[in-house]
Structures are given as C-alpha cells and as structure tokens.
Amino acid sequence: MSINPYGWIEESLRTIHRAKWYRSVQEIMGRPGAVVRIDGQELINFASNDYLGLAGDSRVIAAAIEATQLYGTGATGSRLITGHRPIHRELERAIAALKQTEDAIVFSSGYLANLGAISALVGKRDLILSDQYNHASLKNGAILSGAMVLEYAHGDVEGLKFLLESYRNAYRRCLILTDTVFSMDGDLCPLSKVVELGETYGCMLLVDEAHGTGVFGDRGAGAVEYLGCTGRGLIQMGTLSKALGSLGGYVAGSAALVDFLRNRAGSWIYTTGLSPADTAAGLEAIAIVNQEPQRRAKLWQNVKYLKQLLVESVPSVASRLLPSESPILCLQVPDAQTVLAVGEGLKAAGILVGAVRPPTVPTSRIRVTVMATHEKAHCERLVEGLQSLLKS
Ligand SMILES: *Cc1c(COP(=O)(O)O)cnc(C)c1O
C-alpha cells in the first residue's frame, strides 16, 4: 500500500480553514481608484496602496503604452545580458535624484530588492538586527543571507542598543533593518535614534520606504526626508508599486553600493529586467510626484479628516484605533472571526477595507488606507459603517 505524498496539503488546508486563516482572491474590475467594482458592486476603496491615485492616472498609463510601442512588452533578458534599456537607467537616475543619493538600482519588485540587497550585504559571519514588525521581505532576506538574525521589540531603541552592546563585537559586519512606515500598524520608526546607534556601533542601516516614498516629506522623497535623515549614509529601499502606481523595487544609496549590488545581488542578476511598461510608468509617476505636491497635500488633508472622524466617533470605534502617523489606520478587533465579519459587513455597506489576520499580524485588525483621491463623503461613509458594525 502506498500513501499519497500530497495528502498532507488538503489536511493543511482544512487546518487553515478551521483557524479562520483561509485567504482567497477577489476580482476587481476596471481601473484602480478610490471607488472600484467587485462582482458588479461599487465599493469605496480603503484597501489600496495607491496613495496618490497614480495607478489609474491617464499620464502614467500613456507613458506605459508609449514605452511598450517603443521597446515591446518584455525586457527579454537579465539587465546584464540583453534586458537593459535606456529607460531603466533614466528611472534609476530619477530615483536617486528624488532620494538625494548618488545612485539607485531597480529590481523587479520591492520583495526582490530586499532579498537581493540583504543577502549581498551580509553572510554567515555577520549580524542582522531587525524590528519585530518588519515586512516579510526584510525577514526573508535576513534568513536568506545566512547571517545571525536577532529581533528587537517593535520600535524599541533601548532594546536595539542592548543587542548592539551585547553582540555587535562578536560579528564582522552588522546590518540593522527597519521599515520606516510600518505597513500593518501605520506608525513610524524612531529613525534618527536608530541612525545614531548605527553610527555609534559601526553598522549598516537598511530602511524600507515602501509606504514612505511619494507620501512623506516636503518633496515626497519619503519618511527619511520627513524625519530629517537625508544624506545620513543609509541604504534606502522602496517600491514602485505603492504610491508610484507601477511595479518594481529599488535600492538607493552610494555609487559604490549600487555598483556592488549590480555584481552581487542574485535577485537582480538572475532575473529578467523590469518590463518597459512598468519602468516608464514608474518614471512618469516620479515626475508627477515632483511636479504635483498638491496630491500629497490632499492625501494628508484626507488622513487628518478621517482620523478626526474616527477619534470623535462612538467609543467602541475610537478606542480601537492604533496609534498611527501615516495614511495607514488600523482598528484592533478581538479575533480573526470578528475581523472577517466586520470586513464582510462593511463590504455589504459598499466599503472595501483590509481584514488583516494572523499570521500576517500578531492580532487581527481592520486596516484602512487613505488615498489623495478620496472625498470627504467617502470617509464619512466608512465611519458610519464602522459605528454600526462595532457597536458591541
Ligand atoms: C509592499 C512592501 C514590500 C514589497 O514591495 P513589492 O514591490 O510589492 O514587492 C516591501 N516592504 C514593505 C514594507 C512593503 O509594504
């Protein structure tokens, strides 16, 4: 008698269902925006990373079409073989100019940027110190690198200092990893203190600006700009796929760092270059970030308005709000079952939010993201929906 070697998969799926951890996809029709259609139903969209509304912007779309006409649909090869196009370099220069770094390198996604950069920068003889709430791509990059990985409690500068004092000297190189804007909580890292510690203990510091770029700072350069750390010798990674409305990731820093990554980052060397359409869309989005600060201003007006509505709402809503300094606002809910029910209830009321559960986060929460293209009435509808669903 032979056993089915794949039988465990269905067993595992049953366990996922029992824990209310099961996830599935839903089809969104038409262009992305503040209002989207799912199954013929119109929904106000509070679940998008498209903070500036650029993923559906006609100019960004036109740039992608034009690049496709000019260069075709695929890059057709690795950047080091046949996949390198003039717009790749143009995009890298535009990112470096936005970040005020010497250079930048574009990866096929932010996830790949983190895997490639971290595993190139440290290895078995080295130490990684990582915020407990860091994004999965930072955590997986750390594992891939083979370095010793120690986590410090979320945002805990004293905890980080303790680890540095205790362990730094036992290792060759040390790399500190942190999100600047924490994607599932919406708070910011204490960046200037982390930068100082890094300098004191001779560590490299890689910051993940996925939710910062285009959103924070007078110029939209990110939370590094907003927190006054521009030019402090950081390695800044980020994505083209959130406020910039395209697809792709990047690492910005010194010319030597970028040159090194072109020679050592496996997730850049052994994969196909970013498609012409994605590259041109990212480039056009950065031009819009530079030219239209009013989009950023509108986003922050909306954040302020929604936060005020939430704080002033009934106690059963207001008391659940997690501290946030970003367009990501989260409401804590007791368990996975409740968060799913609230998400479904809001959907029935025409509102789309993120219902985030373990293992993505330690505790279940409704996750709301604000866009520059939301209207006041959208925010009001959301808060009304939350008030009627979170009565108890
Ligand atoms: C989305 C995200 C990434 C990954 O970026 P992609 O371009 O979508 O792969 C990395 N880090 C953080 C914090 C993110 O939120």
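Every number for a ligand or one of its atoms is a count from 1 in the order of the listing.
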- Item | Between Thr369 and Arg367, a side-chain donor and acceptor under 3.5 Å | no
Only heavy atoms of [X], strictly under 4.0 Å: list the atoms of ligand 1 that pass.
{"X": "Thr239", "value": "5 (O), 6 (P), 7 (O)"}
{"X": "Ser183", "value": "15 (O)"}
{"X": "Lys242", "value": "1 (C), 2 (C), 3 (C), 14 (C), 15 (O)"}
{"X": "Ser241", "value": "6 (P), 7 (O), 8 (O)"}
{"X": "Ser137", "value": "10 (C), 11 (N)"}
{"X": "Asp208", "value": "10 (C), 11 (N), 12 (C), 13 (C)"}

If we ignore hydrogens and angles and just use 3.5 Å, is the side chain of [X] paired with the main-chain N or O of [Y] as donor and acceptor?
{"X": "Arg295", "Y": "Gly214", "answer": "no"}
{"X": "Arg31", "Y": "Gly56", "answer": "yes"}
{"X": "Arg357", "Y": "Tyr22", "answer": "yes"}

- Would you say Leu240 and Leu91 make side-chain contact, with heavy atoms under 4.5 Å? yes
Polar-atom distance check: [X] versus ligand 1, any N or O pair below 3.5 Å?
{"X": "His211", "result": "yes"}
{"X": "Asp179", "result": "no"}
{"X": "Ala210", "result": "no"}

- Protein contact to atom 4 (C) of ligand 1 [nearest heavy atom, distance to 0.1 Å]: Tyr111 N, 3.6 Å
- Please state which protein non-hydrogen atom is closest to atom 6 (P) of ligand 1 and give its distance, to 0.1 Å? Gly110 N, 3.4 Å
- Mind checking whether Met237 has a heavy atom under 4.0 Å from ligand 1? no
- Is the shortest distance from a Lys or Arg side-chain nitrogen in Glu11 or Arg14 to a carboxylate oxygen in the other one below 4.0 Å? yes
- Salt bridge present between Glu90 and Arg93 (N-O < 4.0 angstrom): no
- Query: Which of parallel (below 30°), tilted (30 to 60°) and perpendicular (above 60°) describes Tyr133 and His154?
  - Reply: parallel
